[in-house]
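Heads up: the structure comes next, in structure tokens.
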Amino acid sequence: MILYRSTEIRPWEEPVLSIEMNQKNGVFTLLTKNSTYQMRVGPLGYLLHNYYGRRCEDDFGYLHLERDCGASPNPYELADGRSFSLDTMPQEYSGSNCGDYRLPSVLLHSESGISGVDLRFVKAEIQDGKYSLNGLPSAFDRGSDAQTLVVTLRDEATGVETDLLYAVFEQQDVITRAVRFRNTGKKIVHLEKAASACLDLPFGNWDLIHFHGRHAMERQMERISVSNGIQVISSERGSSSHQHNPFVILCEHTANEDVGECYGQMLCYSGNFQIETEKDQTDSVRTVAGIGQRYFSWQLCPGEFFETPELFLSFSCEGFTKLSQNFHRFIRSNVSRSPWTYRRRPVLINSWEAAYFDFDEDRIAQLAEDAKTLGVELLVLDDGWFGERNTDNCSLGDWFIDRKKLPNGLDGLIRRVNEAGLKFGLWIEPEMISEDSVLFREHPDWAIRVPGRKPTIGRCQMVLDLTRKEITEWLYQTFSSLMRENHIEYVKWDMNRCMTDLYSPALPPERQGEVSHRFMMGLYELIERLTSEFPDVLFEGCAGGGGRFDAGMLAYFPQIWCSDNTDPIARLKIQQGSSFGYPISVFGAHVSASPNHQTGRSTPIGTRAAVAMAGTFGYELDPSKLSHEDKEDIIRQVERFHGLEDLNREGILYRLTEPENIRFTAWQTVAEDRKSSLLTLVLTEPEGNPRPLHVRWKGLDPEQNYHVAWIQYYGCRYWDEEKLPERLSGAALMYGGFTVPRLYGDYPSIQILIEQE
Ligand code: GLA
């Protein structure tokens with residue numbers, strides 16, 4: 001029997017694309033092109049999760065049999081029957097302290113002394129378009145490509161209401177989720193956990209794929225079996241972090257790139273997060289994702305509301321490739337708001353690995369002139385141009401020109417760079433303050449630190465308290481003037497330390513648990529102001545390499561520096577890991593010097609370029625130190641890249657090798673219309689008497705013939721030259737595959753562009 005707490009379910013009024021509400025049985029069905037997501041109002045108004053998986057329009061309520069499960073409690077009203085327990089039924093958004101011992105989505109205590117929530121259905125409403133969130137990055141609709149379902153639940157004891165927000169992007173196969181908390185009670189409530197979403201998968205054997213790492217080795221894919229107990233992927237570092245990415249995949253044991261069911265979950269958030277996975281007593285699996293819990297609490301006064309960050313969900317029954325493609329398309333079309341998203345990006349040269357702190361106006365102008373002869377279009381002056389910044393232990397916050405290095409100011413330098421025929425870009429690190437800086441001497445209280453305790457230092461710097469309006473306003477004034485007064489066409493926005501010592505003098509004691517989230521809100525507002533005031537400036541995100549590589553940042557910045565590790569062989573893993581969730585069009589990737597500055601490894605310049613071409617492409621080296629041959633090579637690389645830009649930016653990505661393949665890595669981009677495709681293969685482990693290097697192309701038109709438009713070998717080829725067929729059908733390339741000519745030596749690679757006849 002279904003007991004409704006409220007009968008406010010609005011009957012279906014208008015024809016809809018993707019959300020169905022069935023008033024009779026209390027079922028809500030969200031439909032995307034290839035998936036169905038379903039929930040229902042169950043006994044006593046509990047919102048139960050019915051199903052998420054392949055598209056199918058049936059009512060899946062029949063799946064979840066109510067049964068007496070020893071040691072799992074029953075709601076008071078049903079205790080006689082003992083057949084219904086929140087501890088065993090799949091929940092749509094789990095409560096706490098009310099009979100479900102699995103992962104809670106909410107933890108709170110009220111000043112009345114009550115803790116936990118028992119959430120029951122109040123009403124549901126369908127809205128046209130996509131809901132919006134206040135002050136947080138989130139996906140947006142394009143006209144009529146999204147529809148919203150708002151399901152309101154209420155905890156009677158505290159008066160806390162939650163609006164569960166769902167937006168269905170039917171064509172993109174993506175559902176977004178977030179939660180709005182409202183305190184309708186009379187007492188103050190302290191939220192201690194406020195997840196963006198909960199997802200129960202009651203049946204099946206699942207693996208968890210996540211992307212962990214460290215500075216200079218980000219987003220290493222790991223696949224583990226979901227075992228009984230709880231696994232947590234999280235960051236409590238104040239940013240989404242090098243260590244864990246806020247993106248996970250749950251997949252069947254047998255899933256691979258091409259087959260198997262998988263669920264992707266991506267948080268659109270750049271601060272502390274956690275994605276928990278629990279396998280319970282009945283082998284049911286639950287994930288709960290949202291803001292990191294450890295340092296979080298939020299005071300919700302009567303009448304106030306709080307919105308969580310957004311989670312993107314996508315389902316694929318065709319393996320990881322399809323799942324990744326869903327996220328790639330979605331990020332480009334419905335997350336990245338930058339006008340640069342679909343624009344060609346200039347090939348840049350960055351001064352960091354070319355000169356580090358050791359430069360002056362002449363050296364940078366020379367770098368621009370040398371780069372121009374290679375076909376480079378934009379010069380980025382990295383760290384070291386301000387205050388007395390000759391090492392990384394001072395001057396952050398002193399955003400005025402170092403006249404010793406740049407006697408004619410930024411203006412004078414930019415003029416010379418522009419005269420050389422290059423655009424000019426600049427590195428900044430707004431969120432930071434060095435102890436040794438004028439700013440710190442004037443405003444020591446602007447740094448985040450705990451009173452009475454020596455602050456932790458990271459890279460000799462501290463973090464500015466962006467929870468405070470006067471500080472974000474000062475940053476806005478500082479950087480908007482800098483950009484208004486100088487012809488800056490690109491900005492690299494860096495952030496080089498993790499957050500500790502959370503405390504803000506601007507907040508009362510009971511709100512200190514809000515610091516890290518308020519910091520993020522302050523940061524997002526600042527970035528929003530600057531990016532919208534300077535829409536033609538190309539912004540690149542960065543955080544000690546890829547320490548804040550997430551959808552939250554991608555809402556504002558069309559590209560993010562992937563990693564401080566520019567070694568192409570290390571980059572294979574970093575970029576491949578990143579590609580599971582994020583499109584290659586957002587990967588900041590450069591060709592740097594050999595031997596590589598981070599690993600000491602030597603690689604052919606062509607291989608370095610081939611890997612960087614699966615990204616925004618640029619250089620990070622001193623051209624004056626290059627051999628004549630390397631310079632000639634670079635000229636050809638830039639030309640080649642221009643021909644590949646559209647394919648790289650908007651093409652469909654296929655990973656042709658699994659991460660376990662230590663012999664070689666191959667990937668492929670295919671144009672939307674399937675008329676052209678680029679294959680890149682890098683040999684990572686040369687063999688004596690080598691086995692054939694064989695790959696199957698993907699995503700081509702089987703009916704069409706393709707010819708090789710060009711083929712490039714980088715590094716050595718085997719002495720024995722094998723002949724390649726000049727023309728093959730898409731079917732042959734995909735079903736029979738393709739045997740790559742033998743490659744020889746240290747890290748050779750090959751790029752092949754094929755085109756339809
Ligand atoms: C970080 C960035 C680098 C470079 C340095 C400058 O590490 O990731 O690319 O900009 O800072 O200090």
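Numbering starts at 1 and runs along the sequence shown. As the structure lists them, so they are numbered: ligands from 1, and atoms in each ligand from 1. For clarity, every value in this text was computed on a predicted model and none was experimentally measured.
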Side chain, backbone, both or neither: the part of [X] lying under 4.0 Å from ligand 1 by heavy atom:
{"X": "R459", "result": "side chain"}
{"X": "K492", "result": "side chain"}
{"X": "D494", "result": "side chain"}

query: Which protein heavy atom lies closest to atom 5 (C) of ligand 1, and at what distance to 0.1 Å?
result: W352 CE2, 3.6 Å

task: Could you tell me the residue and atom name of the protein heavy atom closest to atom 12 (O) of ligand 1, and the distance to it rounded to 0.1 Å?
output: D383 OD2, 2.6 Å

H215 to G544 - nearest heavy-atom pair and separation: CD2-O, 3.0 Å

Does ligand 1 come near enough to [X] that some N or O of the ligand is less than 3.5 Å from an N or O of the residue?
{"X": "H215", "result": "no"}
{"X": "E620", "result": "no"}
{"X": "W427", "result": "yes"}
{"X": "C542", "result": "no"}

message: Do R571 and W561 form a cation-pi contact, if we require the NZ or CZ to be under 6.0 Å from the six-membered ring centre and within 45 degrees of the ring's axis?
response: yes

field: Geometric cation-pi criterion R655 and F320, 6.0 Å radius, 45° cone
entry: no

field: Plane angle bin for W446 and W474 - parallel if under 30°, tilted between 30 and 60°, otherwise perpendicular
entry: perpendicular

Which atoms from ligand 1 have a heavy atom of [X] less than 4.0 Å away?
{"X": "G545", "answer": "8 (O)"}
{"X": "N496", "answer": "1 (C), 7 (O), 11 (O)"}
{"X": "W561", "answer": "8 (O), 9 (O)"}

If you take the centroid of each ring, where Trp contributes its six-membered ring, are [Y] and [X] closer together than 6.0 Å?
{"X": "F312", "Y": "F327", "answer": "no"}
{"X": "F617", "Y": "Y619", "answer": "yes"}
{"X": "W352", "Y": "F357", "answer": "yes"}

- prompt: D622 versus E353: any side-chain heavy-atom pair under 4.5 Å?
  reply: no

- line: From the list I457, I448, D501, side-chain contact (heavy atoms from CB on, under 4.5 Å) partner of M462 resolves to I457

- request: Can you figure out which of T391, D564, D382, D392 has its heavy atom closest to atom 3 (C) of ligand 1?
  value: D564

